[in-house]
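Below is a structure I'd like to ask you about.
Ligands are counted one by one from 1 in listed order, and the atoms in each one are counted from 1 as well.
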Amino acid sequence: MDFRSDTVTRPTVAMREAMLKAQVGDDVYGEDPTVNALEEKAAAMLGFEAALYGISGTQTNLLGLLAHCERGHEVIVGQTAHTYRWEAGGMAVLGSIQPQPLDQRADGTMDLAAIEAAIKPDDAHYAITRLIALENTWGGKVLPPDYAPKVRALANARGLTTHLDGARLFNAAVYTAAAPGAAVDAARTICRSFDSVSVCLSKGLGAPVGSLLLGSKPLIAKARRMRKMLGGGMRQAGVIAASGIHALEHHIERLKEDHDNAALLATGLKEASRGQLKIDAPQTNILWAEVPAPLFAGFNEHLKTHGVIVSGAYGKQRWVTHLDVSRDDVERAVDIAAQYFDRVT
Ligand SMILES: *Cc1c(COP(=O)(O)O)cnc(C)c1O
């Protein structure tokens with residue numbers, strides 16, 4: 001039972017069948033019908049003019065940043081945002097873009113006044129502030145629905161553009177959706193505040209590989225050139241793009257099961273630990289458990305010995321639910337956790 005990340009999912013039989021049957025061509029010539037279909041489908045779904053298929057979320061975030069910014073431009077971004085903290089400094093290394101990180105509050109937002117104050121005046125001393133980048137979900141938390149529209153209004157007023165790292169956009173959408181079946185509408189609503197959005201197909205959506213960048217036609221044309229420059233031009237990529245189409249058609253609404261499983265896991269672990277694990281109710285598929293320091297190593301070892309793997313460090317575990325962990329698995333993992341706390345308490 002692998003709770004480390006939703007990236008560990010393996011393609012289902014139906015997904016593999018879709019991949020087997022995919023029509024292919026050379027995508028660098030724009031001739032792969034399946035890649036084209038994936039890009040057109042995603043763009044229509046999320047309300048953008050165009051989309052670009054990329055290898056990873058790191059790549060599609062980078063392509064977005066490179067498409068918005070020139071050398072010497074600046075991006076306002078969260079202190080713990082993936083684009084700033086977890087992408088090997090790509091925007092600075094490959095784009096000569098300066099990140100301006102700002103602290104985030106417990107809900108993942110940056111203070112609007114702090115954003116405003118970080119926008120540089122037109123003065124030769126400063127980099128040119130160009131873009132505001134947000135992330136949703138952030139550590140499994142969904143940004144408050146009224147936040148991105150406010151950031152967008154601020155960006156518009158100051159002549160800036162906006163990018164969303166929506167690696168788990170559809171988890172946020174399923175959480176905010178008004179009713180079952182309304183996740184795509186909710187996703188489109190979230191996207192409305194952004195000039196570009198990056199979405200992972202390889203996380204909760206269950207594709208083996210792939211991400212999408214969405215934006216206007218000119219932005220995507222620029223990103224396409226950058227993708228080629230970075231060695232990301234793919235040839236008969238329809239074989240993998242088919243998994244993305246299958247994911248968008250079959251794996252969005254089911255994310256609710258992962259969220260329900262995370263909630264069940266949270267309640268179960270709290271009970272099993274007799275309150276020793278500090279866990280906030282998860283909104284989506286990521287659960288953080290604070291483990292008392294003296295128990296951290298022992299608890300992790302016990303879980304591992306019994307076939308349960310989680311990630312985390314410094315006394316905090318991260319449990320992620322996904323396509324390849326069932327409700328039964330969650331119940332078994334809770335039982336295994338209970339055995340440990342029965343022994344140590
Ligand atoms: C996973 C993730 C990405 C992209 O990661 P890749 O492993 O490069 O696909 C980007 N942003 C966030 C918030 C993520 O969780």
Side-chain angles (χ1 to χ4, degrees), residues 2-11 38 42 51-67 75 77-91 93-95 99 101 104 107-110 131-143 148 162-175 187 190-191 194 196-214 223 226-227 230-232 234 237 240-241 243-244 247 251 255 258-259 262 282-288 310-312 318-323:
D2 193 341
F3 290 95
R4 284 172 304 168
S5 174
D6 44 8
T7 55
V8 302
T9 52
R10 275 154 295 192
L38 172 63
L52 180 68
Y53 187 44
I55 271 301
S56 66
T58 299
Q59 188 184 62
T60 46
N61 272 329
L62 177 63
L63 293 173
L65 298 170
L66 292 175
V75 177
V77 62
Q79 189 66 254
T80 67
H82 203 279
T83 44
Y84 172 55
R85 192 78 166 253
W86 300 95
E87 296 184 3
M91 71 168 104
V93 176
L94 297 163
Q104 288 157 277
D107 62 359
T109 61
M110 299 175 277
L131 175 69
I132 306 172
L134 304 183
E135 183 174 318
N136 197 8
T137 62
W138 170 73
K141 284 187 186 170
V142 180
L143 290 182
T162 54
H163 172 77
L164 177 68
D165 177 353
R168 297 188 179 87
L169 170 71
F170 288 106
N171 294 89
V174 164
Y175 178 79
I190 293 171
C191 287
F194 299 95
S196 62
V197 173
S198 165
V199 183
C200 283
L201 299 164
S202 62
K203 291 196 166 154
L205 293 183
V209 64
S211 284
L212 290 159
L213 179 71
L214 300 118
M226 296 295 170
R227 187 185 66 172
L230 293 170
M234 295 180 278
I240 49 173
S243 71
H251 291 174
L255 291 170
D258 300 342
H259 299 182
Q283 292 179 331
T284 61
N285 69 327
I286 301 180
L287 174 160
W288 299 89
V310 301
S311 57
R318 190 180 81 150
W319 297 68
V320 186
T321 54
H322 51 76
L323 195 56

Residues two or more places apart in sequence or in another chain: which of them pass side chain to side chain contact (heavy atoms under 4.5 Å, CB included) with A262?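 Applying side chain to side chain contact (heavy atoms under 4.5 Å, CB included) to A262 gives P282, T321.
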Taking side chain to side chain contact (heavy atoms under 4.5 Å, CB included) as the criterion, tell me which of D165, V75, V77 meets it with L65.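 Only match with L65 under side chain to side chain contact (heavy atoms under 4.5 Å, CB included): V75.
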Amino acids contacting ligand 1, non-hydrogen cut-off under 4.0 Å: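 If the criterion is a heavy atom under 4.0 Å, then ligand 1 touches S56, G57, T58, N61, H82, E87, E135, D165, A167, R168, C200, K203.
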Contact check, side chains of H322 and T7, non-hydrogen atoms, under 4.5 Å: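 A side-chain contact is absent here, since even the closest heavy-atom pair is not under 4.5 Å.
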No-hydrogen, no-angle side-chain donor-acceptor test under 3.5 Å, H82 and N61: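 The criterion, which ignores hydrogens and geometry beyond distance, is not satisfied for N61 and H82.
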Pairs meeting criterion side-chain hydrogen bond (donor to acceptor under 3.5 Å, both in side chains) with involvement of residues 133-142, two or more places apart: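 Matches after skipping sequence neighbours: T80-W138.
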Please tabulate, for the side chains in residues 196-209, all donor-acceptor contacts under 3.5 angstrom to protein atoms that are two or more places apart in sequence or on a different chain.
{"residue": "S196", "atom": "OG", "partner": "H68", "partner atom": "NE2", "Å": "2.7"}
{"residue": "S196", "atom": "OG", "partner": "H163", "partner atom": "ND1", "Å": "2.7"}
{"residue": "S198", "atom": "OG", "partner": "T60", "partner atom": "OG1", "Å": "2.8"}

